[in-house]
Amino acid sequence: MSDTIAGLKRVVIGRPRGSAQLRHQLLPKWMALPVFSSDPLSSVAYATQEMMLVLAIAGTGAFGLVRPLSAAVAALLIIVVVSYRQTVRAYPQGGGAYRVSRENLGEVPGLVAAGALLIDYVLTVAVSTAAGVAAITSALPALVDNRVPIALAFLAFVMIANLRGVKEAGFLFALPTYGFVATILLLIGTGLVRCVGGCPQAPGPEVALQAQGALTMLLVLRAFSSGATALTGVEAISDGVQAFRYPQSRNAAATLAVMGALSVTMFLGISYLATATNVAVHEGMERTVVAQIALAVFGSGPLFLLVQIVTAAILILAANTAYADFPRLSSILASDRYLPRQLLARGDRLVFSNGILLLSSAAALLLIAFDASVTRLIQLYVVGVFTSFTLSQAGMVRRTRRLRQPGWRRGALVSGVGACVTGVVLVVVAVSKFGGGAWIVLLAIPSMVVLMKGISRHYQGVSVLLRTGLAEPEPTRPHHVVLVLHGPVDESVARAISYAQAVRPAAIDAVVVGPAHPGDVEQRWAELAADIPLRRLDLGETARRPARALRSALAEMRAERPDQFVSAVIPETQSHSWLELLRRQRSVLRLKAGLLPESGLAVTNVVSPDGGPGPYTVEEPVEHHVVVLVSAVHNATMRAIAYASSLEATSVRALSVNVDVERSNAMLQAWEDWGVQLPLELVDSPFRAVTETVRSYVRDFNADGRQTVVTCVLPEFVLPHWYHRPLHNQTALSIKAALLFERGIVVTNVPYRITADQSPVAEPERS
């Protein structure tokens with residue numbers, strides 16, 4: 001089953017890439033442009049239209065402001081581009097607005113910028129996908145009722161393209177992006193030439209647009225802020241500097257300049273032709289502004305159709321800008337411990353797969369919740385991006401004034417003007433769109449800040465706790481084994497008894513959980529292990545939750561033997577697929593999950609093949625090897641090593657998988673500093689596949705479950721609240737899941753409890 005899934009994954013995503021290939025995945029400028037700039041380039045398809053829709057409230061006469069307002073937006077775009085060129089040079093490690101704001105304005109402004117960008121990236125995916133689908137459904141009205149599944153299908157396509165790798169996404173999206181740019185420039189150039197002898201007029205209604213309100217300063221500011229959607233995505237390059245080929249800062253700055261020049265040219269050209277051709281703009285219009293211009297300039301021939309096709313394509317693919325940046329920004333935040341550590345991991349194709357999946361899930365929820373409606377989604381848009389613009393440029397002013405490098409006055413002036421103007425736009429957007437849905441974003445940004453600060457506090461507290469009083473593992477101690485029977489006495493029980501006797505515990509007890517097979521359990525147990533006492537738990541009112549009764553019984557046993565480790569050994573018949581496991585072993589899975597919160601209890605899972613009807617025999621293994629899986633040197637690791645040392649094993653060793661050289665070197669140094677005597681083996685994983693590396697390592701022992709047994713000891717945090725669980729133990733869970741299907745492998749979880757007040761549960765003294 002797992003091989004089938006792996007094969008399907010390779011077909012869809014591609015073969016894994018080694019970490020050494022990361023340098024070869026860096027992007028040249030020509031490929032980085034479509035990867036990072038599809039959003040700002042595509043925004044010219046609707047920025048002028050959004051501006052004119054606002055001005056239409058004051059009637060056709062207000063359209064005379066389109067050109068000066070467009071010039072103001074273009075000037076703002078140039079200022080922001082120049083400011084971000086300074087940013088990419090100053091912060092070649094990427095992070096853009098987050099890094100600038102955090103370093104120069106403080107932690108909270110940095111997190112506000114980060115939260116605003118993350119939310120804006122999700123909205124970019126949702127809005128661009130919905131806009132692309134709207135372009136399709138306007139040509140094929142019969143598909144309108146299916147716009148949500150169509151949008152989700154396009155979302156899945158873009159997600160898979162990005163999961164395949166940055167370069168693959170660049171190749172895939174390069175043609176539509178450059179095709180859109182070339183077509184729009186051709187449209188503008190042809191339109192300007194035709195305007196020499198009198199501009200062609202767009203077909204529209206003969207009746208003049210009636211004013212619905214006065215042309216006030218607030219209306220003008222709203223129109224300006226709507227046109228400022230042309231700036232969305234400009235910050236993307238500053239977040240992804242590390243994706244460029246070397247010299248990274250120079251290439252990123254050059255790409256940013258090209259993107260700015262193309263965006264300004266196309267935006268001003270579209271705005272000029274929109275007024276020169278007298279396009280009809282009003283709510284519910286059948287054709288977009290770009291479509292009306294194309295119809296006026298090209299007529300209804302193939303070039304008009306080409307404009308519609310490339311516009312729909314670029315609007316859908318504009319989501320790629322968010323896919324290029326959201327995972328990178330998430331990984332930077334995870335590195336700074338503001339988001340779960342899983343977002344740091346690169347997938348098989350050297351991309352931040354978890355970030356891509358998180359972005360896709362969030363965007364899919366928005367598309368479903370807002371019925372893939374551009375009109376409803378656009379109300380949430382722009383607030384986040386202008387928040388980050390304002391904070392980033394204010395941070396650059398602070399940095400420039402502090403360092404006072406050559407030309408600092410000019411740089412401070414550019415960034416200062418940009419911060420003031422984008423700040424004004426932010427206020428106008430927030431006020432004008434508040435009732436339409438902007439309040440959701442204004443509420444979501446501080447919520448994100450609170451969430452990230454909470455995650456940071458949690459990680460910092462756990463880190464301090466795990467290293468407080470760190471000491472070398474205690475010498476070998478005896479321990480007490482409790483065999484937990486949850487079904488019939490079969491081959492798995494016989495193997496569990498054999499394992500329990502092989503580790504030479506101070507005592508062995510057995511308990512029967514649940515009413516399964518009540519008639520023959522005691523009799524068959526007596527035939528197998530008459531010298532081991534067996535008792536049946538009185539579940540009483542907890543019959544539907546046997547783990548609760550078992551925890552109480554085990555707590556009593558711990559109290560009776562405070563100087564010993566207590567292990568719950570749970571026998572299980574080996575399954576051959578996840579479907580079979582879930583069908584046959586649901587009760588076992590629930591039982592194991594219920595036991596993990598018990599702080600001082602090691603949970604051992606002994607999996608054996610089906611032995612048929614019997615007879616069964618107890619036979620201690622000749623070889624028993626113990627492997628402690630280590631990811632860092634801390635108290636949880638030391639407790640796991642102490643437990644492993646208490647087992648009477650043929651060999652005991654520690655294993656760590658090397659997926660990050662710096663982290664592995666730091667761990668080796670800590671291992672030496674603390675004088676841990678247990679041998680530590682560091683195994684390289686060029687494809688960053690921790691689970692597969694561990695599985696390959698234990699397979700080399702050729703364990704059969706009878707003559708040779710391998711115990712994998714996993715340190716595991718027991719957390720005080722359920723919402724802390726996604727932040728820890730995810731790698732351990734995947735390793736446990738994979739080893740369930742391995743013959744002769746016993747998995748033991750050694751928990752280390754972290755209490756709600758961030759203080760460890762005191763472990764009893766052992767003698």
Side-chain angles (χ1 to χ4, degrees), residues 29 32-33 36-37 40 71-114 116-117 120 224 228 230-244 246-265 267-268 325 328-329 332 384-427:
K29 294 189 291 291
L33 184 68
F36 288 101
S37 302
V73 171
L76 176 59
L77 178 57
I78 293 171
I79 291 172
V80 171
V81 167
V82 172
S83 179
Y84 271 103
R85 277 170 57 85
Q86 297 177 155
T87 301
V88 299
R89 292 192 179 101
Y91 295 89
Q93 70 272 36
Y98 162 65
R99 289 249 192 248
V100 175
S101 303
R102 186 185 178 204
E103 182 177 303
N104 299 287
L105 302 177
E107 180 188 30
V108 172
L111 294 181
V112 169
L117 280 174
D120 186 71
F224 175 75
L231 277 71
T232 58
V234 170
E235 79 292 338
I237 290 176
S238 68
D239 286 331
V241 178
Q242 290 187 318
F244 285 78
Y246 294 94
Q248 292 176 314
S249 292
R250 184 187 303 171
N251 287 337
T255 305
L256 191 55
V258 172
M259 181 271 293
L262 290 173
S263 295
V264 168
T265 301
F267 176 65
L268 289 177
D325 270 6
R328 291 183 180 277
L329 179 58
I332 292 171
V385 70
F386 275 95
T387 300
S388 65
F389 281 164
T390 304
L391 290 172
S392 174
Q393 292 177 109
M396 285 302 295
V397 172
R398 186 81 174 268
R399 181 182 187 276
T400 305
R401 288 173 57 84
R402 186 179 74 250
L403 298 180
R404 294 178 180 269
Q405 296 172 335
W408 69 271
R409 287 186 175 85
R410 179 183 61 82
L413 178 62
V414 170
S415 297
V417 171
C420 293
V421 177
T422 54
V424 170
V425 174
L426 172 61
V427 172

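One-based numbering along the sequence shown.
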(message) I'd like to know if the side chain of T422 reaches the main chain of A419, judged simply by a donor and an acceptor atom lying under 3.5 Å from each other, with no hydrogens or angles considered.
(response) yes
(message) We want to know whether Q86 and S415 form a side-chain donor-acceptor pair, criterion being a heavy-atom distance below 3.5 angstrom.
(response) yes
(message) With a 4.5 Å cut-off on side-chain heavy atoms, are F389 and V234 touching?
(response) yes
(message) The criterion is side-chain hydrogen bond (donor to acceptor under 3.5 Å, both in side chains); which residues satisfy it with T400, sequence neighbours excluded?
(response) none
(message) I'd like to know if the side chain of R85 reaches the main chain of A253, judged simply by a donor and an acceptor atom lying under 3.5 Å from each other, with no hydrogens or angles considered.
(response) yes
(request) Measure the spacing between OG1 of T232 and CG of D120 and express it to the nearest 0.5 Å. (result) 7.0 Å
(message) Checking side-chain polar atoms at under 3.5 Å, does Y91 have a donor or acceptor matched by the opposite partner on E103?
(response) yes
(message) On a heavy-atom basis, which atom in V88 and which in S249 lie closest, and how many Å separate them?
(response) O-OG, 3.1 Å
(request) Starting at CG of L256, measure out to CD1 of I237 and round the result to the nearest 0.5 Å. (result) 4.5 Å
(request) Return the minimal non-hydrogen interatomic distance between V425 and A228, and the atom names on each side. (result) CG1-CB, 4.2 Å
(message) Set out, in order, the CA-CA distance, both residues' side-chain angles and the distance that settles side-chain contact (heavy atoms from CB on, under 4.5 Å) for Q393 and I79, then state yes or no.
(response) CA-CA 10 Å; Q393 292 177 109; I79 291 172; 4.2 Å; yes
(request) Indicate yes or no: at least one non-hydrogen side-chain atom of M396 is less than 4.5 angstrom from one of N104. (result) no
(request) Starting at OG of S238, measure out to CG of L117 and round the result to the nearest 0.5 Å. (result) 8.0 Å
(message) How long is the straight-line distance from NZ of K29 back to OG1 of T255, given to the nearest 0.5 Å?
(response) 6.5 Å
(request) Could you tell me which non-hydrogen atom of Y84 sits nearest to which non-hydrogen atom of S388, and how far apart they are? (result) OH-O, 4.0 Å
(request) Could you tell me which non-hydrogen atom of A97 sits nearest to which non-hydrogen atom of A113, and how far apart they are? (result) O-CB, 3.9 Å
(request) Report yes if some heavy atom in the side chain of L403 is under 4.5 Å from a heavy atom in the side chain of W408; otherwise report no. (result) no
(message) So P40 and L231, do their side chains get closer than 4.5 Å, heavy atoms only?
(response) no
(request) Return the minimal non-hydrogen interatomic distance between G240 and R328, and the atom names on each side. (result) CA-CD, 3.9 Å
(request) For the residue pair L76 and F224, establish whether any side-chain heavy-atom pair is separated by less than 4.5 Å. (result) yes
(request) Report the distance from atom CG of L111 to atom OH of Y98, rounding to the nearest 0.5 Å. (result) 6.0 Å
(request) Identify the heavy atoms of A230 and V73 that sit nearest to each other, and give their distance. (result) CB-CG1, 4.4 Å
(message) Test side-chain contact (heavy atoms from CB on, under 4.5 Å) on T87 and S392; report intermediate values, then the result.
(response) CA-CA 8 Å; T87 301; S392 174; 4.2 Å; yes
(message) One pair to check against side-chain contact (heavy atoms from CB on, under 4.5 Å): E235 and V385. What are the steps and the verdict?
(response) CA-CA 8 Å; E235 79 292 338; V385 70; 3.4 Å; yes
(request) Kindly indicate, with the supporting measurements, whether the criterion side-chain contact (heavy atoms from CB on, under 4.5 Å) is fulfilled by L33 and V258. (result) CA-CA 8 Å; L33 184 68; V258 172; 4.3 Å; yes
(request) Hey, could you give me the CZ/CZ distance between R398 and R401, rounded to the nearest 0.5 Å? (result) 9.5 Å
